[in-house]
Amino acid sequence: MSSTRRWQHWLLSDSPASPFQAAAGRTYLGLAEFLKNRLAVFGLLIIAALILIAFFAPYIAPCDPLVTNLVNRLQPLSAAHYFGTDEVGRDIFSRIVWGSRLTLYVIGLVAIIAAPVGIIIGTVSGYFGGLIDTILMRITDIFLAFPKLILALAFVAALGPGIENAVIAIAITSWPPYARIARGETITIRNGDFIKAIRLQGAGPIRIITGHIMPLCISSLIVRITLDMAGIILTAAGLGFLGLGAQPPSPEWGAMTSTGRAYIIDHWWLITMPGTAIFVVSLAFNLLGDGLREVLDPKSDN
Amino acid sequence: MLQVDNLHVIFGHGLDLNHAVKNVSFTVGQGESFGLVGESGSGKSTVLNCIAGLINTWQGEIEIDGERLSHRRPKSFYRKVQMVFQDPYGSLHPRHTVDRTLKESVNIHHLGDANLRVVKVLGEVGLGPQFRFRYPHQLSGGQRQRVAIARALILEPEILLLDEPTSALDVSIQAEILNLLQDISKKRNLTSILVSHDLAVVSHMCDNILVMSQGATVEALSCDQLRSGDIKQRYTRQLLVASKGYDRAAIDQFQDY
Amino acid sequence: MNDSGHLLDVKDLTVSFPSPRGEVCAVKNVSFSLGHEKIGIVGESGSGKSVTGRAILRLLPPYAHIHATAITFQEKDLLSFSEQEMRRIRGRQISMVMQDPKYSLNPVRTVGEQIREAYTIHRKVPRRQARQQTLEMLTAVRIRNPEQVYRLYPHEVSGGMGQRIMIAMMLIPEPSLLIADEPTSALDVTVQLQVLAILDDLVTQRGMGLIFISHDLELVASFCDRIIIMYGGRIMEVVDAANLHQSTHPYTRGLLNCLPRIDGDKGKLSTLQRDASWLDADFSATAGGK
Amino acid sequence: MRKLLFCAFVLMCFTAQFTEAATPKDTLVMAFKIDDIISLDPAEIFEFSGAEYTANTYDRLINYDVDKVSDIYGGVAESWTTSDDGLTFVFKIRPGITFASGNTLSAEDVVFSLKRVILLNKSPAFILSQFGFTPENIDKTIVKVDDNTVKLVIDKAYAPTFLLYCLTSTVGSVVDMKEVMAHEKDGDMGYNWLKTAYAGSGPYKLKSWKPSETLILDSNTKYWGHKSELKRVIIRHITESSTQRLLLEKGDIDIARNLGPDDIKGVAGNADIKIRSRAKGAIWYLGLNQKNKYLRLPQVRQAFKYLIDYKGMEQTILNGKATVHQSFLPEGFLGASAETPFTLDVAKAKALLKEVGLEKGFTVTMDTRNNEPTTSMALAIQATLAQAGIKLEIIPGEGKQTLTKYRARTHDIYIGRWGPDYMDPHTNADTFARNPDNSDGAKANPLAWRNAWDIPEMTKKTDAALLEKDTGKRAQMYMELQREHQQVSPFVIMFQEIEIMASRANVKGFVLGPAYDSNFYQYTTK
Amino acid sequence: MLQLFTIRRVKKATHQTVRLLIMVAITFFGLLFITFLIGRVVPIDPVLAVVGDKASPEVYQQARLAMGLDLPVWRQFFIYMGSVLHGDLGTSVLTAKPVLQDILRVFPATLELAVIATCIGIFVGIPLGVFSAVKRGSFLDHITRVIGLLGYSLPIFWLGLLALIVFYAKLDLLPGPGRIDVFYEDIVDPVTGIMLIDCIIAREWDIFWNALAHIIMPATLLGYYSMAYLSRMTRSFMIEQLRQEYILTARVKGVAEWRVIWGHALGNCAIPLITVVALSFGTLLEGSVLTETVFAWPGLGLYLTKSLLNADMNSVLGSTIVVGTIFLGVNLFSDFLYKVLDPRAR
């Protein structure tokens with residue numbers, strides 16, 4: 001038996017000998033399932049590339065993204081400037097490379113803020129029901145009653161334009177759907193016999209929610225959040241486009257598109273490059289989300 | 001050991017009001033195996049859930065060892081009373097291994113020696129160590145039900161509540177589980193309450209039987225009374241006839257209750 | 001009750017499904033024939049009994065592989081039929097009642113509409129007449145207030161009523177063969193028997209054939225004329241209902257013995273010891289219908 | 001699929017038919033940013049495009065020659081006389097003017113219009129009230145002598161042209177008293193009505209106004225002067241320079257008013273399009289807050305003036321939209337100085353910084369409005385400051401937000417654009433070189449105050465210039481004031497704005513004046 | 001017994017409706033509260049926004065008092081709530097008109113766009129979703145998925161700009177930004193505010209065709225996004241429904257396949273789809289913020305954006321409240337339809 005074979009055998013064992021082997025086997029199966037979906041792997045690769053680019057931005061970008069050079073403005077694509085230069089002579093390629101940090105910053109922060117808030121509110125609301133549920137769901141509904149972008153706009157108007165405020169605004173508008181999903185899942189799970197069983201073991205609500213309900217909500221939330229990432233990128237870009245998100249001179253892709261709009265007729269690369277970057281990354285998240293859904297959330301389609 | 005007096009359960013209010021259990025009383029002695037029989041909607045499982053503390057809307061009295069139970073149960077209660085559910089597919093956490101499911105109980109009650117206890121109880125329900133780290137989806141229905149029984153036993157309870165423990169299983173597996181339950185009850189001297197719609201299962205397992213219909217008690221019988229056909233109520237008799245298989249002539253005599 | 005001609009002949013039916021670990025055989029080399037009689041197919045879960053029923057109506061998902069030497073229905077070769085022709089067979093000639101009326105009725109249509117649809121698909125009749133026919137059918141399955149039931153939605157009827165509605169729906173085009181796939185296992189025992197009685201009466205009156213699929217050996221024995229016992233996708237044996245208790249097949253015996261009995265002793269139940277060699281035996285049940 | 005094809009076919013049919021655009025012969029169609037118009041009442045209008053609207057729809061008391069601002073001539077006031085003490089002005093009203101409503105214009109309307117400005121006390125009211133008109137005294141100071149004569153009495157003997165120039169601004173517009181008072185409500189002098197309506201006598205009259213969308217003017221057939229050549233003017237608000245350019249290139253509009261430098265370059269070779277430009281009064285400057293410990297040092301202020309790439313910006317990002325200008329009076333004003341002593345000189349700036357021990361540089365912030373060309377200018381400034389080690393952090397903000405901060409004096413540096421309010425030099429001197437009270441609670445907030453620049457001496461000089469009657473001498477005084485200001489002030493004055501207008505080649509006769517309230521449509525033909 | 005059942009149905013429905021209305025009222029109150037809060041924390045001097053930069057201190061103070069900014073915050077909230085309930089959303093700084101009047105003027109333009117886009121979504125997206133669910137893995141299914149993916153991944157403003165460049169600037173196939181050509185402005189009286197209908201009423205056929213040509217690009221663009229969303233949702237609903245047992249029942253009955261799909265399965269999808277369509281309609285209202293900016297479409301989105309950029313908080317909050325209320329209304333309506341269509345929810 002070759003060693004690969006042996007590993008596979010170990011991973012797929014019907015009678016794992018340790019919790020580690022059991023978890024590894026499970027992960028292996030999930031991974032194998034995921035790897036079969038070529039588009040999803042493609043999406044994952046793009047996102048991995050994005051993270052690497054963001055991490056190594058100083059080494060990848062040939063120029064400082066903020067240094068202007070009026071002499072060199074509006075240069076078309078060339079070996080010196082792969083994606084050309086913008087209206088004040090900055091290297092667009094470098095700006096897009098550095099802009100990946102902002103994109104990651106936005107989606108990372110939104111995920112860190114919105115997901116826990118959503119899952120906690122949703123599970124607590126769903127598990128306890130009654131008055132707690134009513135109050136929490138009312139609050140959620142109030143936030144859901146606003147169209148997302150418009151609420152974000154109103155918040156940005158209040159807080160002032162800027163990428164931090166855009167993040168806060170997007171996060172504020174992103175959590176309610178997560179809370180709804182988590183609540184829905186919790187209600188189904190709550191009535192399951194295995195929750196009754198753990199209650200009969202004497203477990204308290206905190207243990208039940210964190211140890212038994214949340215892990216089951218998380219997979220569908222991960223899927224949803226991954227799919228939402230695309231939307232968040234688009235919203236952030238939209239805010240930037242309207243001049244309400246990241247502010248110049250920061251190399252945010254939406255803001256770059258917005259500036260590029262003024263030069264669209266003669267200098268197409270100003271708008272095309274950042275626009276394509278937005279598209280590629282949000283497509284990657286969509287592909288990854290679809291793939292994850294197939295692995296983690298077998299109930300839904302596919 | 002266990003006494004239920006004038007138990008009433010009402011769900012909902014206004015238009016959706018549902019009087020699920022009406023004035024049910026019974027006593028179960030130490031080491032006794034007690035059966036609750038009835039068709040769906042008879043309230044038999046509701047009674048069991050009240051005893052287990054899964055339902056809070058009951059009125060009446062439930063006593064264990066002469067101690068009255070309130071709606072809120074202390075942690076110590078769960079070491080005394082445990083339950084096995086009907087659906088072996090739904091009663092195990094899908095993301096937890098057998099090991100984790102069993103250890104969880106030990107951890108909640110800070111009993112210590114978790115590994116030892118797990119191995120021991122698994123052996124007791126007839127599952128070898130190779131099952132210890134499997135996930136529920138790697139188990140058959142019968143094996144799952146054994147895990148569920150192991151989970152109930154690991155806290156060494158005195159009273160075991162069984163809610164249709166075999167109705168989702170094939171008959172051949174049912175026999176194995178029933179045998180297992182019988183063995184364990186005898187070995188541990190457990191008091192048990194078995195809820196079932198199957199007269200044959202109840203009569204096989206129980207000493208005394210309470211027949212329920214639409215939330216109310218129909219009659220209380222001993223197992224011997226049932227076997228000998230010493231039955232007072234028409235309803236019970238009809239159940240008995242029905243459990244014997246298809247008989248075209250007898251069916252015309254059936255009444256709706 | 002017994003015609004000379006067979007209603008249905010199944011020869012060497014094999015059904016397999018693709019799975020990550022290769023093809024899995026759900027049914028293998030099953031052969032039986034059926035006249036105007038009640039035949040029961042009994043087996044535990046996974047024995048292939050439901051797949052057999054659905055394979056006859058060609059209702060399995062497209063990825064299932066179905067092979068058979070022959071499936072003959074009223075001397076017509078169903079295997080050669082196109083999907084279009086199969087549709088004319090379904091409902092009109094062969095019908096099927098499924099396990100749970102909760103799921104097998106369309107939740108957003110009234111039960112009346114659904115029964116009427118079953119009728120009008122096969123007969124071009126005016127709406128009023130179809131409605132009249134539906135009401136009559138509802139009466140035939142002993143529903144006391146058909147006018148009102150006609151307007152109810154599936155979630156508003158009880159399980160027993162739902163199954164009677166299913167029977168009405170499946171019998172209204174007057175098929176000659178009904179496949180009942182565990183039609184009563186979701187019901188309470190008394191209701192179960194009442195529904196079976198209705199089914200029994202209608203089948204007998206109309207001279208139909210019935211394939212009754214169930215896991216309950218005792219019930220099938222008391223209800224059907226003949227019993228096909230399946231295990232692991234194979235037929236173990238075919239016995240006349242009356243002779244069931246004389247059966248010598250270890251599987252049949254095991255099934256019979258592991259049942260608790262009201263009048264049995266309270267000792268250990270005997271458990272079924274499975275034998276891998278059962279799956280190798282090639283039992284053919286072509287004989288039948290006398 | 002067939003349905004789809006059909007739809008596509010129908011679509012093609014529409015499109016083929018309806019992209020043939022050409023503007024009607026008798027209509028001037030113009031793309032122009034008009035979202036700054038918030039009112040149509042001349043007593044309130046204080047914005048660029050609003051001023052242009054007033055100029056074309058109302059008659060003012062006095063006009064100036066668009067090519068020679070020093071030439072003042074009568075509008076509604078046919079002629080005027082000044083008393084010897086310089087306090088009393090008597091205006092003769094031109095006879096034969098009728099409002100678009102048909103009412104005749106008389107001295108009563110003039111008195112009403114001026115009083116109305118004082119009584120409503122809206123933003124531009126100070127242009128008149130700085131002459132001492134108050135609600136209490138206007139009955140005595142603004143007087144109708146007879147139907148054709150109006151007398152104004154002012155509080156001090158200012159330079160005589162000061163009042164006259166002030167009357168050339170929008171507050172000097174004459175409104176139709178009968179029409180306005182017919183719509184009066186709760187003593188508002190028709191304010192709430194006139195905000196969105198029209199009561200004037202100019203060459204054009206208002207057809208409709210959809211804020212931030214369109215402004216449509218129709219020819220006023222009752223106009224007394226040169227009647228408008230084109231029947232209708234449609235102004236569509238379009239923000240995007242590139243959109244304006246597209247529409248212009250396609251012939252969907254006749255004039256594009258807000259093309260960016262690059263789009264101007266883009267259309268330059270197009271034979272169908274011609275470009276005209278005219279210097280306007282607006283000035284680009286940096287305000288260095290004197291509350292900042294670095295910026296208050298004179299050497300640092302001076303160093304900043306050497307750290308701006310005036311030429312570079314003029315040629316690239318501003319490209320024709322502005323010209324280098326370094327004194328507070330824009331070209332065309334009385335006494336305006338055209339001297340440009342500063343150029344980008346990093347070495348000199350470094351030397352200056354070294355004098356105060358700041359050769360390592362320091363960090364300051366700059367509040368920047370997030371629009372073009374402000375942002376690009378800020379970026380360019382950031383780059384040159386960096387050469388001397390000064391780290392500039394740009395704080396971008398929406399207009400009102402940066403302004404709020406500016407007025408609270410909590411900024412470090414503010415990059416701003418200042419437009420004169422009327423054509424007298426005092427308008428800019430007043431704000432750049434005058435700060436009577438530098439305390440935080442001061443009532444007046446001129447730019448000098450906003451940058452906490454305490455200048456009692458210069459304030460006196462400014463006041464003196466205002467009172468100088470001799471025009472030549474006055475011009476000299478302003479010249480000196482500017483020279484001093486240039487060297488010592490915390491203002492880095494950089495550019496004077498140029499308005500560039502691109503039109504279809506057949507458009508002729510559009511008058512581009514030195515201010516927006518002297519852009520006239522009535523001579524335009526196509 | 002069945003009569004009793006009917007009475008219960010009615011009572012239950014009434015009960016539910018009352019409950020729903022209370023919920024909506026609470027949500028609306030919360031909505032007001034949030035907008036009020038937003039209005040209070042703005043780092044922009046609201047007085048300055050009204051009087052402009054060059055106002056004298058007296059003018060400033062006068063405006064401040066007139067705006068009630070000297071009152072305690074809680075009183076300001078009640079005054080605010082009272083005036084909003086009376087339909088008074090304040091006066092816009094930008095347009096000098098009552099905000100409500102402004103919104104009523106610009107909203108029909110957005111509505112026109114959103115309705116057409118939703119129609120595209122419904123009539124193209126839903127059938128596409130159904131086909132791709134039925135023929136899973138087929139070429140059509142892949143196309144649908146690609147359409148969906150692109151719809152979820154392409155920035156709408158970017159696509160809009162590119163469309164404008166291609167179809168207007170380069171190919172000259174479609175007219176440019178705006179609702180109609182500039183010189184047609186202000187000829188047709190706004191009766192309904194919806195340009196196409198107004199032109200028909202006024203019998204101005206030239207303008208009608210012109211307006212129609214103008215709406216094609218923005219509506220198709222928005223419709224594409226709606227279509228992407230609806231086809232994706234329809235697909236997953238259909239897959240779920242086709243797996244149900246009752247579908248098998250229908251097939252057993254001998255129901256033709258097209259009827260199984262379009263009658264039985266889609267009939268059951270219709271119910272969740274209503275919610276999705278309502279949601280998509282709401283998203284279109286917000287999607288229009290970007291689309292209207294790109295196409296200079298004088299609707300609510302453009303109005304909102306302009307107000308934002310000019311810190312015209314009354315208009316921003318007013319529009320937010322209006323859009324929020326419409327959203328609530330649409331949701332309420334979809335809930336209502338849900339209740340009507342789904343017998344289980346009655």
Side-chain angles (χ1 to χ4, degrees), chain A residues 39 134 137-139 141-161 172 227 230-231 233-235 237-238 241-244 253-254 257-258 260-261 264-265 268 271-272 274-276 278-287 289-290 293 299-302, chain E residues 23 26-31 33-35 37-44 133 136 145 148-150 152-159 161-162 164-165 169 235-240 282-283 285-287 289-290 293-294 301 304-305 307-309 311 313 316-317 319-320 323-325 327-328 331:
Chain A
L39 284 177
T134 311
M137 279 304 111
R138 257 333 70 203
I139 295 173
D141 276 357
I142 290 169
F143 280 90
L144 274 176
F146 292 97
K148 235 172 137 180
L149 184 64
I150 287 177
L151 185 59
L153 285 177
F155 270 104
V156 171
L159 302 168
I172 284 173
L227 288 171
I233 291 168
L234 294 183
T235 309
F241 179 77
L242 292 174
L244 297 161
W253 297 341
T257 316
S258 178
R261 183 157 61 143
I264 188 167
I265 302 172
W268 55 270
I271 186 166
T272 311
T276 312
I278 297 170
F279 166 61
V280 168
V281 173
S282 73
L283 181 69
F285 274 106
N286 271 324
L287 291 174
D290 270 358
R293 176 161 55 188
K299 271 180 308 207
S300 57
D301 63 331
N302 299 309
Chain E
M23 294 285 185
I26 295 173
T27 312
F28 184 71
F29 184 81
L31 208 143
F33 186 67
I34 290 177
T35 42
L37 273 188
I38 292 174
R40 290 309 112 173
V41 297
V42 191
I44 293 168
R136 279 174 73 184
R145 293 191 67 181
L149 272 174
L150 292 185
Y152 277 82
S153 315
L154 280 168
I156 191 168
F157 53 90
W158 189 65
L159 199 61
L161 285 170
L162 294 188
L164 209 52
I165 285 299
R235 180 177 184 272
S236 86
F237 288 152
M238 276 302 279
I239 287 172
E240 172 78 27
T283 339
L285 287 181
E286 71 176 353
V289 170
L290 293 165
T293 309
V294 172
L304 183 64
T305 318
S307 310
L308 268 169
L309 291 172
M313 283 316 279
V316 173
L317 299 183
S319 318
T320 312
V323 175
T325 311
F327 222 53
L328 262 179
N331 284 342

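Throughout, a chain's letter reflects where its sequence line sits, starting with A, and its residues are numbered from 1. The analysis underlying the following values was restricted to heavy atoms, covering all of them including side chains, and did not include hydrogens, waters or symmetry mates. Model, not experiment: these values are computed from the prediction.
When all heavy atoms of M238(E) and A133(E) are compared, the closest pair comes out as CB-CB, 3.4 Å. In terms of heavy-atom proximity, S319(E) sits nearest to L304(E) at CB-CD1, 3.6 Å. Scanning all heavy atoms of the two residues, the minimum distance from G30(E) to I142(A) falls at CA-CD1, 3.5 Å.
When the candidates T134(A), I233(A), T272(A), L144(A) are compared by the number of heavy-atom contacts under 4.5 Å with chain E, T272(A) comes out ahead. Listed options L161(E), T35(E), L150(E), L328(E) were ranked by heavy-atom pairs under 4.5 angstrom with chain A; first place goes to L161(E). Between chain E and the residues G231(A), G254(A), G238(A), the most heavy-atom pairs under 4.5 angstrom are made by G238(A). The residue among T276(A), L227(A), I265(A) with the most heavy atom pairs within less than 4.5 Å of chain E is T276(A). For chain A, the option among L154(E), V289(E), T283(E), N331(E) with the highest count of heavy-atom pairs below 4.5 Å is L154(E).
Judged by distance alone, the side chain of W158(E) and the main-chain N or O of I271(A) form a donor-acceptor pair under 3.5 Å. Side-chain N or O atoms of S282(A) include one that pairs as donor or acceptor with a backbone N or O of S153(E) at under 3.5 Å.
Residue I34(E) touches chain A through its side chain alone, counting heavy-atom pairs closer than 4.5 Å. In this structure, chain E has a heavy atom under 4.5 Å from the side chain of F143(A), while its backbone stays farther away.
Using a 3.5 Å distance cut-off with no hydrogens or angles, the side chains of D141(A) and T27(E) do not pair a donor with an acceptor.
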